[in-house]
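Let me begin by presenting the structure, written as structure tokens, before commenting on it.
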Amino acid sequence: MSNIRHALNVKRADDFAQWYQEVISAADLAEESGVRGCMVIKPWGYGIWERIQRLLDDRIKNTGHDNCYFPIFIPLANFEREAEHVDGFAKEMAVVTHHRLIQDQKGKLVPDPAAKLEEPLVVRPTSETIIGDAMARWVQSWRDLPLKTNQWANVVRWEMRTRMFLRTSEFLWQEGHTAHADAAEAKEHTLRMLEVYRACAEEDLAMPVIAGEKPENERFPGAVETWSIEAMMQDGKALQAGTSHYLGTNFAEASGIRYQDPEGSQQLCHTTSWGVSTRMIGGVIMTHGDDDGLRVPPTIAPRQVVILPMLRGKEGDDALIEYCQSLHDQLAKQSAFGERLRVLLDTRPGKAAAKRWDYVRKGAPVIIEVGGRDMDNDVVSLLRRDQMWAENGKPDFQTPTREEAANGMQELLYAIQANLFQQAKERRDANIRTDITDIEGLKEHFADTAVHPGWVQVAWSKPTGADLDAVVETLKDMKLTVRNVPMDDTPTTGACIFTGAPAVERIYVAKAY
RNA sequence: CGGGACGUGGCGCAGUCUGGUAGCGCACUACACUGGGGGUGUAGGGGCCGUAGGUUCGAAUCCUAUCGUCCCGACCA
């Protein structure tokens, strides 16, 4: 046990925040950019994002959406139209005020006063307003509805405190925007996209989530309802991994999105918006990472299988590479999860044993090392990243024949995917308490640092306004937040843990990212 | 944005208090040895010490400003 020499210097149990950063650098996912709050996403990290994009984009297309692209700059006046929206975002906006630079007396480049924009442009923090404008043009008749669009884009929110992938000033995301004829259809669509996110998180990212409705205080600025998927990280904190909003007619009114109904009268559209971002990658790290680095689920791994020939820089290398190449080709012809296998044969000079640890840290699901002796016996040495340590504290290499390795790969990848999900789900379920019925109990539970705090689901009366503010304040003192009310929540009885009034539903309470 | 810490070769650090012009480990390069495993040895390459001013004969070291990073808080779809 303790004689295992892990690939990272920091252990999750010792310092989770530092471990998180260590994984990002050790797995070569991203690095600092020198620009406050902005990061450089490196090939392995971006490769994971591309995988998520591909899989989610398919799901979005399959639910009837087409991709568009809207400008990164939004006229200030345009942004001003929805009051709550402005309140929510005004304090974190990047603003463009000039369109030219000139050199001052000292030779420094400064904005040219003569090139000041008459109306400043804001860098989009989200695109409801500018897409609303387009929708107002595109929608005339009830026959134009529903209008279902999506865009993949970057957005900017001037964050006070940033953390790689979890909260950066600039981040990449997908934002869907739809317009519907009535509330029922729009609400139904909001939930449909929430379900798409749930499926994407659980099936593609192997990250179990709770899908549910956000309480009033956590709503998106300008939304009537906000729904989310919440994932539990290994330190017990909750991560909001995706949101879906029913916007009512708020943005339709602001942008004039109207249609003529079959009877000939003008009606306001009901709109929705929903998004997931590169934050998902932070979720993958904190869901699947271990003391040896990242573990990437096969569905989103840029490379699912890495083959490392044990080269010696001598004659014999060529035959070994040929042997590995044939394994590579055999694997690359196969499929799993409805796609061709992604296999890397790494023939760069260097020791296989040394390179192995790079891929362990990156979390490649399957690592295959092949030496001369393997070749002679027509076998390979195969390491499963999701269960890589043997009893003796050494990497647990299996030695199937080349045929067995090739023929069993699809099944192996399915098994790894399932195992990662299972591990995460068991850990989450083991860390949810549902038996706490008073504030004191809540305090005790979260004060005891010896116990993994996780989440607590409590009965509550769904307070609003000032009553809700009081609840939020109470929780804040304990560094807790209300997360969401799960969709499959059954009617509850008893008293609200906060107000004492009759409870109407059960909500998750947790520390959060 | 408030409090704290920090910024020295790719990474991790020492040197800063007591100014004299840069060092260690890992990584990297070459060669040799080794050869089922993150190996060993020898020899090398790489840094105007975040940036800009200032004090001084002389600044990584002292002063000022500024940029960036981390932690705590406030804030946050």
Side-chain angles (χ1 to χ4, degrees), chain A residues 4-10 15-18 20-22 25-26 28 31-39 84-85 87-93 106 108 125-128 155 157-164 166-169 171 173 175 214-223 225-230 239-247 273-277 279 292-293 308-314 316 320 349-361 367 369-377 379-381 383 388 394-395 397 399 472 476-477 479 481 483-484 512-513:
Chain A
I4 290 179
R5 184 179 160 200
H6 285 290
L8 296 187
N9 300 317
V10 189
D15 187 339
F16 196 78
Q18 208 193 323
Y20 176 76
Q21 289 181 167
E22 176 86 7
S25 105
D28 224 13
E31 64 184 19
E32 296 299 338
S33 63
V35 180
R36 183 193 204 95
C38 297
M39 62 179 173
E84 278 189 40
H85 197 60
D87 276 354
F89 287 109
K91 52 193 170 298
E92 52 184 32
M93 303 285 285
K106 291 175 190 162
K108 289 219 163 188
T126 178
S127 305
E128 272 73 10
V155 287
R157 297 176 189 181
W158 214 262
E159 300 289 350
M160 287 295 120
R161 189 174 170 187
T162 59
R163 310 185 73 172
M164 283 211 187
L166 297 176
R167 177 170 281 110
T168 45
S169 292
F171 57 93
W173 78 344
E175 52 179 322
K214 286 295 217 182
E216 182 184 290
N217 62 307
E218 299 267 338
R219 264 183 217 145
F220 173 76
E225 292 174 5
T226 286
W227 299 73
S228 72
I229 52 171
E230 305 275 335
L239 180 75
Q240 178 176 299
T243 51
S244 185
H245 317 287
Y246 166 57
L247 303 172
S273 71
W274 24 277
V276 304
S277 69
R279 179 178 240 210
D292 297 299
L308 304 174
M310 296 164 65
L311 302 173
R312 291 185 173 179
K314 293 177 183 167
L320 191 58
K351 301 213 168 181
K355 285 195 274 185
R356 169 170 83 225
W357 294 101
D358 291 339
Y359 292 106
V360 164
R361 284 183 278 261
I367 297 168
E369 292 180 34
V370 186
R373 206 175 300 164
D374 292 318
M375 181 169 65
D376 294 342
N377 297 322
V379 299
V380 300
S381 299
L383 187 65
M388 61 177 280
K394 298 215 163 115
F397 278 101
T399 52
V472 170
K476 202 168 164 185
D477 292 342
K479 296 182 180 178
T481 58
R483 304 314 302 163
N484 69 11
Y513 278 100

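Heavy atoms only: backbone and side chains are in, while hydrogens, waters and symmetry mates are out.
A 3.5 Å limit on both hydrogen-bonding distances identifies B:rG68 as the Watson-Crick or G-U partner of B:rC6. Using N1 to N3 plus N6-O4 or O6-N4 for Watson-Crick, or N1-O2 and O6-N3 for G-U wobble, each under 3.5 Å, B:rC48 pairs with nothing. Pairing of B:rC57, defined by two Watson-Crick or G-U wobble distances under 3.5 Å, is identified with B:rG20. As the counterpart of B:rA74, no nucleotide is assigned, since no Watson-Crick or G-U wobble pattern has both distances under 3.5 Å. Across all strands shown, B:rG41 pairs with B:rC31; the Watson-Crick or G-U wobble distances both stay below 3.5 Å.
Salt bridge A:Glu230/A:Lys214: present, at least one basic N to carboxylate O contact under 4.0 Å.
If you take atom P in B:rG45 and the same atom in B:rG23, they sit 12 Å apart, rounded to whole Å. A distance of about 15 Å separates the P atoms of B:rU55 and B:rC63, rounded to the whole Å. Distance noted for atom C1' between B:rG12 and B:rC48: 22 Å (whole Å). Comparing the same atom, P, in B:rU34 and in B:rC70 gives a spacing of 47 Å after rounding to whole Å. Separation of the C1' atoms belonging to B:rU18 and B:rG4 is 26 Å when rounded to the nearest angstrom. B:rG15 sits 28 Å from B:rC57 when the P atoms are compared, rounded to a whole Å. Taking atom C1' on both B:rG39 and B:rC26, the two are 15 Å apart, rounded to the nearest angstrom. Rounded to a whole angstrom, the distance from the P atom of B:rG54 to that of B:rA59 is 12 Å.
What you find for A:Leu320 and A:Gly372 is that their closest heavy atoms are CD1-N, 4.1 Å. The shortest heavy-atom contact between A:Thr168 and A:Arg163 is CG2-O, 3.8 Å. In terms of heavy atoms, A:Asp374 sits closest to A:Ser381 at OD2-OG, 3.4 Å. What you find for A:Val10 and A:Gln18 is that their closest heavy atoms are CG2-NE2, 3.8 Å.
In this structure, A:His85 and A:Phe220 have side chains that are in contact, with non-hydrogen atoms separated by less than 4.5 Å. In this structure, the side chains of A:Pro125 and A:Met93 come closer than 4.5 Å at one or more pairs of heavy atoms.
Within the nucleic acid shown, A:Lys394 has no heavy atom closer than 4.0 Å to any nucleic acid atom. Using a 4.0 Å heavy-atom cutoff across all strands shown, A:Trp274 reaches no nucleic acid atom at all. Using a 4.0 Å heavy-atom cutoff across all strands shown, A:Gly275 reaches no nucleic acid atom at all. Using a 4.0 Å heavy-atom cutoff across all strands shown, A:Ser381 reaches at least one base atom of the nucleic acid. Residue contacts shown for A:Phe397 are absent, as no nucleic acid heavy atom lies under 4.0 Å away. Using a 4.0 Å heavy-atom cutoff across all strands shown, A:Pro125 reaches at least one base atom of the nucleic acid.
When the C1' atom of B:rC6 is taken as reference, atom CD of A:Gln18 falls 13 Å away, rounded to whole Å. The CZ-C1' distance, from A:Arg5 to B:rC26, rounds to 11 Å in whole Å. Here the C1' atom of nucleotide B:rC28 and the NZ atom of A:Lys355 are 16 Å apart, to the nearest Å. As a whole-Å value, the separation of A:Ile367 CD1 from B:rG38 P is 15 Å. Residue A:Asp15 contributes atom CG, which lies 9 Å from atom C1' of B:rC71 at whole-angstrom precision. Computed from coordinates, the A:Leu311 CG to B:rU34 P distance equals 19 Å when rounded to whole Å. At whole-Å resolution of the value, CZ in A:Arg279 and P in B:rC76 are 14 Å apart. Residue A:Phe16 contributes atom CZ, which lies 13 Å from atom P of B:rC72 at whole-angstrom precision.
Under 3.5 Å, the side chain of A:Lys351 and the base of B:rG39 form at least one donor-acceptor pair of N or O atoms. Put simply, the side chain of A:Arg161 and the base of B:rC1 share no donor and acceptor less than 3.5 Å apart.
When distances are taken from the side chain of A:Asp374 to each of B:rU34, B:rG36, B:rG38, the shortest belongs to B:rG36. If you check B:rC75, B:rG36, B:rG38 against the side chain of A:Arg373, the one that comes closest is B:rG36.
Of the side-chain N and O atoms in A:Lys476, one or more sit less than 4.0 angstrom from OP1 or OP2 of B:rC75. Remark: A:Arg312 is not in phosphate contact with B:rG35, judged by side-chain N or O atoms under 4.0 Å from OP1 or OP2.
Of the two residues contacting RNA chain B, namely A:Arg163 and A:Lys214, the nearest-nucleotide position lying further toward the 5' end is that of A:Arg163. When the nearest nucleotides of RNA chain B are assigned to A:Asp292 and A:Tyr513 by heavy-atom distance, the more 5′-ward of the two goes with A:Asp292.
Of the possible donor and acceptor atoms, none in the side chain of A:Arg167 sits under 3.5 Å from a partner among the backbone N and O of A:Thr162.
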Can A:Gln240 and A:Ser228 be said to form a side chain to side chain donor-acceptor pair (under 3.5 Å), step by step? CA-CA 7 Å; A:Gln240 178 176 299; A:Ser228 72; 4.8 Å; no
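For the salt bridge (Lys or Arg N to Asp or Glu O under 4.0 Å) with A:Asp358, the qualifying choice from A:Lys355, A:Arg361, A:Arg356 is A:Arg361, the only one to do so.
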Under 3.5 Å, N/O pairs linking protein and nucleotides 66-69 of chain B:
{"from": "B:rG68", "atom 1": "OP2", "to": "A:Arg36", "atom 2": "NH1", "distance (Å)": "2.9"}
{"from": "B:rU69", "atom 1": "OP1", "to": "A:Gly37", "atom 2": "N", "distance (Å)": "2.9"}

